[in-house]
Amino acid sequence: MAGQAPYGLEIDDPETRKLRHGKQWDVVLRIVNNVAAGESGRQLCIRMNDEGVPSPSGGKWQSSTVSRILRSPVYEGFQVTNQRGNPGDATVYRNATGERVGVFAEGVEPIPHDLLVKARAVMAGHLPMSPRTGEARTKHLLTGLTRCDGCKGALPCEGRGHVCSQHKIGEGCPRPASVMRTALEDYIRDAWVARLASAEDDDPLLAAVAMRYASFRDPQASETAHGAIAALKAAEGGVQRLTDQMAAGMYDPPFDAHLPRLKEEVRAAPIVVKARVAKLEPQSIDITFLRDAETARIAWDGADVGLRRELVRIAIRKIFVSKATGHCKGFNGRSRVTIHWHGESE
């Protein structure tokens with residue numbers, strides 16, 4: 001390994017280039033533990049920036065930085081290679097016999113593989129984030145779901161309305177969005193009721209809603225099933241990642257020596273995990289009350305903000321709001337709001 005040691009690590013022996021824990025190792029552990037426990041990358045970055053925690057670049061923490069740390073095999077103790085030079089493209093290095101190479105000095109403990117897998121699954125959206133994380137901050141129905149369509153950044157609630165965060169802090173946004181909170185919440189409620197009521201039996205949304213509703217009702221009973229499903233998605237993501245890397249030329253000669261073995265490994269992983277998922281998926285959950293517009297509306301009207309937040313999130317993944325055009329009167333949700341539902345492709 002040449003160059004500077006990865007964030008949170010330092011060189012133990014200049015000759016062997018083996019690594020040991022560095023001054024920021026506790027920050028790496030914090031990132032992995034907090035995200036694995038359900039904290040979003042964005043919330044974690046806000047808190048670390050507020051606390052002045054040093055970042056790898058020396059600037060502000062970004063979700064992309066957290067994601068790169070979680071994805072890097074070096075924190076599991078393996079040497080990495082980065083043939084293309086992009087920060088997010090680091091992959092496990094393999095020696096002449098196709099084996100992974102350990103990079104930690106003797107006695108230095110890596111982060112447990114299972115913990116990193118869980119954190120990666122949460123960061124990728126394969127496992128639900130904890131509704132308790134940052135609870136003191138969260139007072140509004142759509143906090144964390146809304147995005148500005150102009151810059152794709154956050155659209156948090158500020159007083160009576162949602163405002164583009166990038167525009168507010170002066171970072172620049174080509175079309176900064178803002179919208180009255182109550183108008184947006186009313187539109188989302190109506191869209192939520194209508195979408196569930198109109199869903200066909202084979203709509204992927206219903207399967208996603210049933211799984212999330214089961215988790216909401218009985219978190220412990222569905223935790224194992226969620227873990228198995230997250231593992232399957234991660235395994236399937238490994239297949240896609242290798243395909244993308246091949247298309248980008250990362251395994252063109254002379255770097256193709258171990259490609260057959262890599263293909264075999266990534267293709268075998270989903271087969272093993274699918275068997276677990278088949279046994280552990282939750283039993284059929286009755287969500288018929290959500291599929292009827294009248295009973296769904298009754299459930300909504302009788303819920304407090306906390307419960308409404310859960311009901312929204314079992315069906316909706318993200319909400320993008322665009323800037324109003326001209327001097328139109330009133331809020332036109334159909335033209336300004338795009339809802340990304342669970343069950344849809346990313």
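Every value quoted in this text rests on a predicted model; they were computed, and no experiment measured them.
The environment of Arg42 atom CZ is sparse: at most 12 non-hydrogen atoms of other residues, nucleotides or ligands sit within 6.0 angstrom. Heavy-atom neighbours of Lys18 NZ from other residues, nucleotides or ligands within 6.0 Å: above the threshold of 12. Around atom NZ of Lys152, more than 12 heavy atoms belonging to other residues, nucleotides or ligands sit under 6.0 Å away. Within a 6.0 Å sphere centred on CD of Glu106, other residues, nucleotides and ligands contribute 12 heavy atoms or fewer. Within a 6.0 Å sphere centred on NE2 of His342, heavy atoms belonging to other residues, nucleotides or ligands number more than 12.
Using the six-membered ring where Trp is involved, Tyr75 and Trp25 have ring planes that are tilted, between 30° and 60° apart.
A salt bridge between Glu76 and Arg100 is absent, with no side-chain N of the basic residue lying under 4.0 Å from a carboxylate O of the acidic one. Between Asp190 and Arg297 there is a salt bridge, with a side-chain nitrogen of the basic residue lying less than 4.0 Å from a carboxylate oxygen of the acidic one. Remark: Asp50 does not engage Arg47 in a salt bridge, criterion side-chain N to carboxylate O under 4.0 Å.
Each of Arg17, Arg20, Lys23 was evaluated against Glu10; a single residue qualifies, Arg20, per the salt bridge (Lys or Arg N to Asp or Glu O under 4.0 Å) test.
Residue Arg308 holds its CZ atom at 14.0 Å from CD1 of Ile188, rounded to the nearest 0.5 Å. In this structure, CD1 in Ile169 is found 8.5 Å from SG in Cys164, a value given to the nearest 0.5 Å.
Between the side chain of Arg160 and the backbone N or O of Arg181, no donor-acceptor pair lies under 3.5 Å. Between the side chain of Trp192 and the backbone N or O of Trp300, no donor-acceptor pair lies under 3.5 Å.
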